[in-house]
Amino acid sequence: MSPLGVVERLLQLVPVLLGISIVVFFMMALTPGDPVELMLGDARATDEQRQSLRHDMGLDRPMHERFLVFLRNAATGEFGMSFHHRRPVRQVILERLPATIELTLAALVIALVVGIGLGVLAAVRRDSWIDRLSTVTALVGVSMPGFWFGILLILLFAVTLGALPVSGRIGYEGEVPFVTGLLLVDTLVASKFASFFDALRHLLLPAVTLGLAMAALLMRVTRSAMLEALAQDYVTFAEAKGISRARILFRHALKNALIPTVTVAAIETGTLLGGNMIVETVFGWPGLGRLVVEGIFTRNYPLVQAAVLLYAVIYVLLNLCADLLYATLNPRVRS
Amino acid sequence: MRTMGHAIAALAILAPLAAAGAADLRVGYSSDITTLDPANHRSRVTEGLVHNIYDAVITRTDDMKVVPEIAQSFTQIDATTYEAKIRPGIKFQDGSALTAEDVKFTFDRLTKDNAMGGKTSPRASLVGPLADTIVVDPLTVRFKLKNPWPIFPAYLPFNQVVSKAFVEKVGTDGMATQAMGSGPFKLVEWRRGDSIILERFAGYYGGATDIPPAGPARVDRVIFKVIPEAASRVAALLAGEVDLIDELPQHMIKQIEGNPRTQVLKTNGTRSFFIDLNNKKPPFNDARVRQAANLAVNRQLIIDRILSGLAVPLATLISPDSYGYNASLKPYAYDPAKAKALLAEAGYPNGVEVTIDVDNAFKDQAEAVAASMSQAGFKAGVRLWERTALTDLWKDPEKHDRQMQFRSWGDGALDPVGIFVPVLKSKDRGNFSGYSNAEVDALLTAADTETDVAKRSKQYEDAQAIIYKEAPLLYLWLPQDIYGASKRLKSWNPSPRGIVKLHRAAIDG
Amino acid sequence: MSVQAVEARAPAKAATDAVAQPVESIFIANLRDFRRNRLAVASVAMVGLFALMAIFAPYLAPHDPYASDLFRRLQPPAWLDGGEWAYPMGCDGLGRDILSRAIYGARVSMTIGVAVMMVAAMAGMIAGLAAGYLRGWTDIAISRVVDVLLGFPYLILAIGLMAAMGPGLGNIVLALAIKEWVLPCRVARAETLAAREMEYVEAARALGASRLHIMLREILPNILSPLIVVCTMRMAWIIIMEASLSFLGLGVQPPVPSWGSMVADGRQFLIGAWWVSTLPGVMILLLVLAINLASQGLRDAFDPRMRT
């Protein structure tokens, strides 16, 4: 893709984001429930207090005006104050974003390892019982409700075996360095290996719960691509030349088969990122997904609006990355 | 992003780590706090935690008696004036002395318009008609009310005292994420959405002398871990990851009690459960149908079976622990025959179809009520709603055709003014049933400003007798608050207020 | 997240190579391929069994799935202490027979899966055909809407819409279908784009066939296979989504049993009364697994790249 093509794609982002702004604004605005009453709860409040709260929250203006304010805010990346936190939305979101990204990346790694491993195995032993078993294994993670699978893992690995923690990102034994917000990276940069392993232990169960759901997809893509690659002329040619089977598999076929897998993985990372909330709730993971769901239930308009736009930007950028990746990796597209 | 990184890094450097082997008390908490500012929220969860950092002028014992905390004495001067003498020598966590100026600053911040960075505190209503706070001398303050408000002492514990110098230094924005009070614990770090780490404040004055044992905290650190999912919270307790959890589901009690390492801690709650009956529309505009509904629910069976026996049936919506409770009224007994007879008398000889609106959290209880009613002349069903949407739907009884709403109302001060008035006075803020009775209104209005304690109680008791008979609501029960704890946790009892204040708690090896 | 979302994109291109050939022979060849895959055939049989269970639920269920008896609250399955064979899988938190509820639950869960996919497939197919064949502004408009929906996280959109509309079966179908049609639409559009350049379409056009005739009679039959593959795959995902919404308190209306709501309500009993969520959980696992395997069998059979 030429640099001009990239710019064009980025420009296409504008109408998409505008559309998403409209959808998310009116979805929240038309949902029954008054954020002001929700803030007050069972509390006593005079009409003046109620009115002043409504004014503070910017809800005393008519809807079209609020929409224009939101658009202006969105253009500048400032979304005002989160209703319940009473702090800027941007701050509230950025605090939770690294945890979500770390969980997503870890899940991605697990999905890649499991998916590619089983996919290659299935392709090589095509139509054998190994193929079938790999397929079924890969599908188990995606065939159970995530919250149920997660709780079962907790009961097995945390309560019964006592091997892994139930919830949280890291323990409380040492201070947690902050560089990127990704604990695995930060602890390594600070050479705190004990903390690194602690964070890894906390990450394992939620990442497996999330990652296995995606592994099935990557397994299918790998298997198909691998079968296709194995049917290519150069493989037949290599076989004729007497090159070892393993060498053919890993040097030639797998290299080509990985192109669609990696591309699909890049695109799916966006979907994975936007689908964290249930795993985050079950494992007490302090990520963005949980925050957004709470935001919907508490009618925290600015928070939900900003988060959805953020997800959309990430999604579109990841798609762009996937296309660039595909173009770079695949010589046929490049030429 | 970068500034946040610096802020957290700075915090981490400022706060030395607890020594190895230090006693940590970990709490599995059902939700994260929204702010650390004691004056900028309306959340019981937030108050329950923040109270570990900030102390109040007066507080409550575990059996809800009001006692001085940072005050040495708290007295009423006249109908509209109260005086608090501050205990000498109380230090904030930065070493500065707590004086009457700080108390005045705290309450000015709560009551004055735009006193919090141009905004008004959402807790302003919790100090009622407080007009002014006057510094008499460095250790004496007077609270001056606009008009008599006999429950002022009952509401004062809801508000914790901040340091004037600290607030002026960090501003209202800073107060959201930084904390410095006179309470037993200092803030070490708030990992948003994950945990709040607190550390023992060695210079703590000891807390309320009426609640022994007084003295500094007995554990080195308290860590509140946010675990929203109940099943995971229980798992964390069973796995030994935390020592205390809040909101233990009733049906887990057997498992927690059966485990040699864990125990169940209970306290009488302050939240009454009831079902709004739409008094404006048929069939519940007829008192006989409302009485029939009250007779149609087998409260004790549902309490025993669904709530593990951990609730008391209610005669009206007032807790038996509350001031002004009318003990002569007995909860409606389950009597399907009489319910059917009343229905027939009201013109429904073949029963009447009704729907209970409920949100997901209490779906099973509402279904049990519906099943019970269906055996006593009603054809009751349940309709599930999202919580906020349901509240919105019911808020104006004139404008909807819904029939019943499963609901609760909390009354942390245990005074009818906090539950009776809002739920059943004509057009009050929580009156969703549309009930309106001039006699009841008159009694409630008189009690609002009645300063004679016995007379005021009598007014509430009389009003209860009326709402018992007229049954504007379907009265249900008052459940206990249930906590799960490891047996390592010693000398901590849950408070009916839902405050998880931990400086008296100790932890074994 | 849409796990199978992207997999569907891959076959789209390849499958177009096949449409030039006569339709019937491919279909029969595909079917023969499919029948060779014994796991896939077994899966189809399993889905069929669940469908029969849903249809004949009133005859199969030993008890009224709504009848609550608080004295049977959390009664264990028959083979455990305190269980009895009248209630073989035990009772739930309101003392209702779990087996009967699970049998009736098949109706609800499968209805949601089928209904969402029917709505989404129809809408997506029409939009995709229109976008791919008419091109121009129609294409731009539809593609923009598709882009907007793709960028909107699935679960957040569904939760938001459910919060706005309230829980309930019909609302679940609506909340999911609103985004779900995007996938069939993309597949249909890509297939149509390729098909409109094919000889048989050119021939029809030369003979003066109307646009509607070409879209519905010439192109549609040729793009059905990849659409069916995508839609079965997505059906599995929809059933899981219903469970996720139940977990968040936005499921079907009580007392109707859906597997998702049974697992979600039962999760709180996992410690102590594991049987409440286990049977519906296993049912979901089996059905979703079977649908996935069947759809993969279909894909392998219908995807010409996979034929040797």
Side-chain angles (χ1 to χ4, degrees), chain A residues 12 15-17 19-20 22-24 27-28 30-33 127 132 135-136 139-140 142-148 151-152 155 159 213-214 216-217 220-221 224-225 227-228 231 260 263-264 267-268 271-275 277-278 281 289 292-293 296-297 304 307-308 311-313 315-316 319, chain C residues 1-7 9-11 14 36-39 144-145 147-157 159-161 163-166 236-237 240 243-244 246-249 260 263-264 266-267 270-271 274 277 281 284-289 291-293 296 299-300 303 305-306 308:
Chain A
Q12 280 173 11
V16 171
L17 289 182
I20 288 177
I22 295 172
V23 175
V24 70
M27 180 181 87
M28 290 304 287
L30 297 177
T31 301
D127 290 333
R132 306 285 183 239
T135 304
V136 172
L139 279 172
V140 165
V142 73
S143 300
M144 271 188 273
F147 64 89
W148 195 57
I151 295 175
L152 290 181
L155 292 182
V159 178
M214 183 167 158
L217 168 64
R220 289 311 290 177
V221 177
S224 307
L227 285 175
E228 196 184 10
T263 312
V264 167
I267 299 171
E268 277 303 285
T271 345
L272 206 57
L273 195 69
M277 49 284 296
I278 286 180
T281 305
V292 176
V293 173
I296 294 176
F297 287 141
V304 176
V308 167
Y311 281 124
V313 171
Y315 181 86
V316 174
N319 262 282
Chain C
M1 99 230 72
S2 72
V3 169
Q4 291 98 339
V6 178
E7 194 179 1
R9 293 181 192 178
R36 279 213 321 247
N37 184 343
R38 268 177 300 173
L39 190 63
R144 282 292 165 272
V145 175
D147 285 343
V148 165
L149 286 172
L150 276 176
F152 210 121
Y154 206 131
L155 201 52
I156 293 178
L157 183 64
I159 296 167
L161 292 173
M165 300 186 294
W237 159 250
I240 297 288
S244 301
S246 293
F247 173 79
L248 296 164
V263 179
R267 75 177 190 278
L270 262 171
I271 302 170
W274 53 267
S277 66
I284 293 183
L285 176 63
L286 289 179
L287 176 65
V288 172
L289 196 62
I291 296 178
N292 271 318
L293 285 170
Q296 291 194 356
R299 234 208 78 185
D300 286 356
D303 186 343
R305 281 188 307 177
M306 295 299 105
T308 39

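The basis for the numbers below is simple: all heavy atoms, side chains too, and nothing from hydrogens, waters or symmetry mates. Per chain, numbering begins at 1; letters A, B, ... match sequence-line order.
In this structure, no portion of A:V316 lies under 4.5 Å from any heavy atom of chain C. Interface residue A:I20: backbone and side-chain heavy atoms are both found under 4.5 Å from chain C. Heavy atoms closer than 4.5 Å to chain C are found in both the backbone and the side chain of A:V24. Residue A:V159 does not touch chain C at all, counting heavy-atom pairs closer than 4.5 Å. In this structure, the portions of C:L248 lying under 4.5 Å from any heavy atom of chain A include both its backbone and its side chain. Residue C:L287: no heavy atom, backbone or side chain, is found under 4.5 Å from chain A. Proximity to chain A (any heavy atom under 4.5 Å) is shown, for C:L289, by both the backbone and the side chain.
Comparing C:G260, C:A264, C:G249 by how many heavy-atom pairs each has under 4.5 Å with chain A, the most go to C:A264. Put simply, of C:L149, C:V145, C:L270, the one with the most heavy-atom pairs under 4.5 Å next to chain A is C:L270. For chain C, the option among A:Q12, A:M277, A:R132 with the highest count of heavy-atom pairs below 4.5 Å is A:R132.
Classification of the A:F147-C:F247 ring pair by plane angle, with boundaries at 30° and 60°, yields parallel.
The minimum heavy-atom distance between A:M27 and C:I156, with the atom names listed, is CE-O, 4.3 Å. Heavy atoms only, all atoms of each residue included: A:G274 and C:P153 are closest at O-CB, 3.9 Å. Taking each heavy atom of A:M144 and C:I240 in turn, the nearest pair found is C-CD1, 3.6 Å. Residues C:V148 and A:P15 come closest through the heavy atom pair CG2-O, 4.5 Å.
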Output, in order, the C-alpha distance, side-chain angles, deciding distance and verdict of side-chain contact (heavy atoms from CB on, under 4.5 Å) for C:S246 and C:V263. CA-CA 9 Å; C:S246 293; C:V263 179; over 6 Å; no
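Considering only residues two or more places apart in sequence or on other chains, C:R38 meets the salt bridge (Lys or Arg N to Asp or Glu O under 4.0 Å) condition with none of them.
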